[in-house]
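Step one of this worksheet: look at the structure below.
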Amino acid sequence: MILDGSTAFKNQELEVDYCIIGSGSGGAYAAKLLSLKGYKVAVVEEGGYKKTEDFKELREDVAYPNLYQELASRKTKDKNISILQGRTVGGGTTVNWTTCFRTPSNTLKYWQDEFDLPFTDESLETHFLAAEKEISVSEWEVPPNQNNSVLANGLDKLGKSFGHIKRNVKGCYNLGYCGVGCATGAKQSQMITSIPTFLKMDGILATRWRAFRFRHHLGKVTKLEAYNMPGIGNTHGDIKLIIKAKHFISSAGAIGTPALLLRSHIHDQSGLLGKRTFLHPTVLSGAVFNDDIEPHLGAPQTIYSDHHLWQDYGFKLEVPPVHPLLLASTLMSHGDEHRELMLKLKNLQVCIALQRDGFKDDSQGGVVELTNGGYPVLDYTWSKSMALGFKEALRTMGELQFAAGAKEVLPIHVRAKRVSNLIDFYSHIDELEMKPIDLKVVSAHVMGGACFGIDKSSSVTDIHGRLWGYENLSVMDGSLFPTSIGANPMLSILGHVHRIFS
Ligand SMILES: Cc1cc2nc3c(=O)[nH]c(=O)nc-3n(C[C@H](O)[C@H](O)[C@H](O)COP(=O)(O)OP(=O)(O)OC[C@H]3O[C@@H](n4cnc5c(N)ncnc54)[C@H](O)[C@@H]3O)c2cc1C
């Protein structure tokens, strides 16, 4: 049953076994697994229920306001970092780029050493296998598009390692518009996999309702209060949905889950709730080629490199899909220069470097705070060492772009100019300060803020995602991670949800 909050006109009340907030990687998969066990489950999702047929027009201007958190304009508190998160049924999985990685062994080893977490490649094997089956992860046999080929060619010429990305698609048409919702239904997002099964099992999908707060007493949550979302904007209405349940699961995503728990004044003995929120802060390098690149066409991410990932403040190299709106809002130029670059879209190649944050004393992530209205805002700043990591990443990307035949390279930075040879490029990179606002930093991977652990003084939940001190409240989403993953996080989230229910 679908309960659409956008057309609600009176307060409503429900009673179920499990109430799950958020229908993304964590929430939808949890809803399916619990429904299959025979429980009555309600999922509360503040986004709308858009389906494959709604994505046919491949339009960025429709997708961003409808499918993304804060209409795709979420930023950190100081406006330095742009954050992309899904806000629709399926959450991030409906709009993501279908890149599938397990949690790297080095990350698990770090978690064992630093946090005594008991996870290993072996102990997670069955859970990753189940998650990969759930979303049909497989090798991508089609040759990479030019945007990805440049990454491979440049790294190859420099003798650096790279690999091919597995994807969660079935019968993909190789269109390249995953970020505006898959127009063919090939992407095995939670909207395609878990949600239909959950609905078939009599699940209640309450869309366009914002979970506002839990009411609780003596370590037991008694009900959830949600409000209707009448329009596509960010404000909620005043019509209430009350849900009583035996157990509540917050899967509102990193930022969303800590915000809900903070609004609810959930007692957190560790003092870590909302803290250590990670972003894989990402810097970008553009390059102009004589040949057509057409970076908007073809599977968005098929090549990656971990060559620099495990160095201090290391980074993973990938490429993004480049569509006009995304490009226009990411470039830091203006006037004629901006126009000229936009006209070169066909010949533009873009690399991204995702920094592995959370592994150093001066890389402790950001803090989720609440505005007076209870709305979340992430306070995230970067340290001098992280800034050096950004500089190293920009240098690395420019080098490989020149090695692959770029005519000009443009680090995405407000003071950067296009340079046409490596010597000028090196001195230009040396001059650029990796300062907030000047340097473009983006994120599509928000993690942490309600970390799991083995001890209530140093974690928000136990390793099963249960809030310490609460008998019927859990977290199941990317906010559980105690550092960033060092790889695209979707599969790690699904793997842990499967582990928790096993
Ligand atoms: C453009 C883009 C590309 C990406 N590409 C990849 C990729 O290729 N591979 C990969 O592994 N990862 C990728 N990611 C990241 C990945 O999709 C996310 O890390 C993952 O989906 C997070 O899962 P989650 O369960 O933590 O939260 P989400 O999937 O974000 O789901 C949370 C849901 O909760 C809802 N919600 C939040 N607050 C409330 C509230 N108060 N009440 C009700 N509902 C609420 C949100 O609307 C959302 O639908 C990408 C993300 C984006 C945005």
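As the structure lists them, so they are numbered: ligands from 1, and atoms in each ligand from 1.
- A side chain to side chain donor-acceptor pair (under 3.5 Å) check over residues 314-325, counting only residues at least two apart or in different chains, returns the pairs Q301-E318, D306-K316, E318-N488.
- Aromatic ring centroids of F390 and W382 lie under 6.0 Å apart.
- Residues F119 and F452 bring their aromatic ring centres within 6.0 Å.
- For ligand 1, the 4.0 Å heavy-atom shell takes in I21, G22, S23, G24, S25, G26, V44, E45, E46, Y68, Q69, L84, Q85, G86, R87, T88, G91, G92, T93, V95, N96, W97, T98, T99, W209, R210, A211, S251, A252, G253, R263, Q301, A444, H445, D477, G478, N488, P489, M490, I493, ordered by chain and residue number.
- For T76, the side-chain contact (heavy atoms from CB on, under 4.5 Å) partners two or more places apart in sequence, or in a different chain, are D78, N80, I81, I83, L279, L378, Y380.
- Taking the centre of each ring, Y18 and F248 stay at or above the 6.0 Å mark.
- Residues satisfying the side-chain contact (heavy atoms from CB on, under 4.5 Å) criterion with R167, sequence neighbours excluded, are T98, W140, V169, C172, C178, A299, P300, T302.
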